[in-house]
Each structure stands twice: as structure tokens, then as C-alpha cells.
Amino acid sequence: MPAPEVTLSEPPRTSPASYRAIGVKPLNPTVGAEITGVDLAQPIPQNVAAELRRAFEEHMVIFLRGPAIDHEAHARLAKVFGKPHVAPSTVQWRVEGHPEVTKIHADGDSKYVAGEDWHSDMSCDPEPPMGSVLYLHTLPPLGGDTVFASMYAAYEALSDTMKATIADLRAVHSSAKSFGDKVARDLELPTSSHPMVRTHPVSGRKALFVNRGYTTHIEGLPAQESEAILRFLYEHVANPNFQCRFTWSSHAIAIWDNRCLQHMAIWDYFPQTRSGFRIQIQGDRPV
Ligand code: SIN
């Protein structure tokens with residue numbers, strides 16, 4: 001049998017057996033793990049919080065399946081990872097009385113769904129959210145999965161020549177590309193320039209940081225060259241070898257790291273309903 005086209009290095013992970021306070025079951029060798037043993041109805045003990053943060057760092061996206069939670073329990077869980085990020089572009093989806101909570105909802109009247117193309121949340125912001133905590137209470141009978149792709153793996157699988165080409169380049173990320181036709185015309189839509197390769201502030205690993213949802217062009221290159229490189233990178237990041245796919249159940253939660261992942265919500269369930277709430281977590285300026 002021929003060797004796979006892309007061979008990935010083993011990510012630095014501790015053994016699932018080394019977790020004492022929670023259960024951790026990796027979904028594949030590259031990205032994603034299901035977590036068990038967390039009681040979200042109660043304040044989260046320090047040792048559980050510390051292991052949740054370790055699992056998040058090692059697996060980039062972690063999934064919990066649980067009973068229904070309210071906005072307070074959702075906020076308590078998000079706080080384990082940091083302070084809430086309230087993005088200017090999401091004002092129309094905010095939940096009254098809980099500005100940090102945005103509604104994620106699609107049904108038979110929807111013309112679009114949040115995140116239906118590959119993206120890293122709010123990469124248009126100068127300091128994009130480092131993570132997102134998505135809780136879904138209502139699911140279609142079939143479909144509505146979310147796919148996550150490791151941008152460490154995508155970066156590491158590039159040739160040395162492509163790595164050197166993009167090493168010092170920056171790309172522009174625009175909220176208008178993602179939200180321009182969906183929000184009030186007078187809303188201020190942020191645009192930011194970020195390095196195309198960012199170094200994760202916790203792991204120190206390099207991750208590719210351009211995405212089809214928000215990135216408009218590479219700074220300093222003629223339009224045709226910028227388009228050609230971005231088109232190649234967008235195809236490259238969608239390689240299934242870098243991915244995991246999560247099939248939701250009612251009241252499941254996904255917590256992902258936007259600094260080293262892209263994700264895409266699959267809208268294959270129209271006209272069924274899929275509904276829940278998301279809290280984003282403050283991040284820092286990509287370097
Ligand atoms: C998002 O992009 O934050 C939404 C993802 C999803 O609904 O699965």
C-alpha cells in the first residue's frame with residue numbers, strides 16, 4: 001500500500017491515563033478529544049479546571065456531552081479558559097442580559113448559518129478570541145456536524161519552500177467578508193492585519209493563520225499572486241488528515257482553540273432546526 005501523501009508528526013500529548021479528575025478520549029491522533037466526568041451544574045473544582053485546560057491545549061478542541069445548562073453554567077465553564085470576548089460584529093445575536101452570549105440558530109427560514117465556511121472565529125479582530133465555547137440544545141434529527149482542522153498540522157505539512165515564502169508575510173482579515181451582508185449597514189466592521197504563520201502563546205508551536213471566511217489578501221503582493229497563494233492554502237487546510245468531525249447530541253458542548261484551529265459548521269439539515277449559544281474567550285494579538 002502506498003504511504004499516505006501527508007505524514008504528520010505526533011503532537012506533544014500526555015497519555016489519557018495521566019488525567020486524574022476527568023476522562024479524556026482522543027478522537028484521532030491529530031485533533032479533538034471527548035471529555036467525561038465534569039459536573040457542569042456545580043462550580044468547577046480547581047483540579048478539574050486545570051485538567052480541562054491541559055486537555056484543551058493538547059487536543060485543541062474538546063467535547064462534553066451533558067444535561068442542559070443555563071447561561072450561568074455556560075459562563076462558568078467559559079471562565080475556566082479566560083475572560084469573555086464580546087465581538088463588535090455579533091451585536092444582533094447577543095442574548096439580552098448576557099452580552100457575552102451569542103445565539104447560534106438555524107431553521108427553515110434561515111438564509112445562512114454561522115460559520116458555514118472554514119474560518120477561525122473573528123480573525124478580523126485585532127485581538128481575535130483565543131477560544132470559543134459552543135453549547136447546542138436543539139439538533140436536527142440528522143446532520144449539523146462541525147468539522148475542525150489543526151493549523152499546526154496544516155503548517156507542518158507545508159514544504160520548506162512554502163514555509164519560507166509565507167514566513168514573514170501578513171494577511172488582511174475583514175469582518176465585511178464574513179458579515180458585510182448580514183449586519184446593520186452602520187455597524188463598524190473591523191479589519192486587521194495578522195502574520196500568516198502565528199506562534200501559539202502557550203505551546204510555542206507554529207500554526208497557519210489564514211482562512212477563507214475572513215482573509216481577503218496578503219499584504220504587499222500583487223493581487224494575482226496573493227489570490228493564488230491563498231487559494232492553495234485554503235485547499236491545503238481542508239485536507240481530511242488534519243481534521244476531526246464532531247456529531248452533536250442535544251446539550252453537547254465544544255470548546256475550541258481559534259489560535260491553532262479552523263472550523264466549519266456543516267449546513268446539511270435545512271429546513272430542520274439547530275440551536276444553541278456561544279461564548280468566546282479573549283485572546284491576544286497574533287505574533
Ligand atoms: C461557529 O462558527 O462558531 C459556529 C459553529 C457551529 O455552529 O458548529
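Whatever order the structure lists them in is the order used to number ligands and atoms, beginning at 1.
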* Regarding N258 and H119, is there a side-chain donor-to-acceptor distance under 3.5 Å anywhere? -> no
For [Y], does its backbone N or O pair with a side-chain atom of [X] as donor and acceptor, under 3.5 Å?
{"X": "Q282", "Y": "G82", "value": "no"}
{"X": "S132", "Y": "W256", "value": "no"}
{"X": "R212", "Y": "E235", "value": "no"}

* **ligand 1-proximal atoms of F148, by part, heavy-atom distance under 4.0 Å** =>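 Answer for F148: neither.
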* How does D121 reach ligand 1, by side chain, by backbone, by both or by neither, if only non-hydrogen atoms under 4.0 Å count? ->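 Side chain only.
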* Would one find an N or O of W248, backbone or side chain, under 3.5 Å from an N or O of ligand 1? ->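 Checking ligand 1 against W248, no N or O pair falls under 3.5 Å apart.
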* Tell me, yes or no, whether the heavy-atom count around K25 atom NZ, taken from other residues, nucleotides or ligands under 6.0 Å, exceeds 12. =>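 Check fails, neighbour count at 12 or below.
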How close does the nearest protein non-hydrogen atom get to [atom], and which residue and atom is it?
{"atom": "atom 4 (C) of ligand 1", "result": "A114 O, 3.9 Å"}
{"atom": "atom 3 (O) of ligand 1", "result": "R278 NH1, 2.7 Å"}
{"atom": "atom 8 (O) of ligand 1", "result": "T146 OG1, 2.6 Å"}

* Is R65 salt-bridged to E34, cutoff N-O under 4.0 Å? -> yes
Can you name the atoms of ligand 1, numbered from 1 with element, that are less than 4.0 Å from a heavy atom of [X]?
{"X": "L134", "result": "5 (C), 6 (C), 7 (O), 8 (O)"}
{"X": "W256", "result": "3 (O)"}
{"X": "A265", "result": "5 (C), 6 (C), 7 (O), 8 (O)"}
{"X": "H263", "result": "1 (C), 2 (O), 3 (O)"}
{"X": "I104", "result": "7 (O)"}
{"X": "G115", "result": "2 (O)"}

* To do: Test side chain to side chain donor-acceptor pair (under 3.5 Å) on H85 and D121 and set out the steps.
  => CA-CA 11 Å; H85 172 102; D121 284 339; over 6 Å; no
* To do: Answer yes or no for R274: is there a heavy-atom contact with ligand 1 below 4.0 Å?
  =>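 R274: in contact with ligand 1 (<4.0 Å).
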* W118 to ligand 1, any heavy atom closer than 4.0 Å ->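 Distance cut 4.0 Å: W118 fails for ligand 1.
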* Quick one: pull up OG1 in T138 and CD1 in I104 and give me the separation to the nearest 0.5 Å. => 13.5 Å
* **Inter-residue atom distance T146.OG1 - F63.CZ, 0.5 Å rounding** =>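 Going from the OG1 atom of T146 to the CZ atom of F63 covers 7.5 Å.
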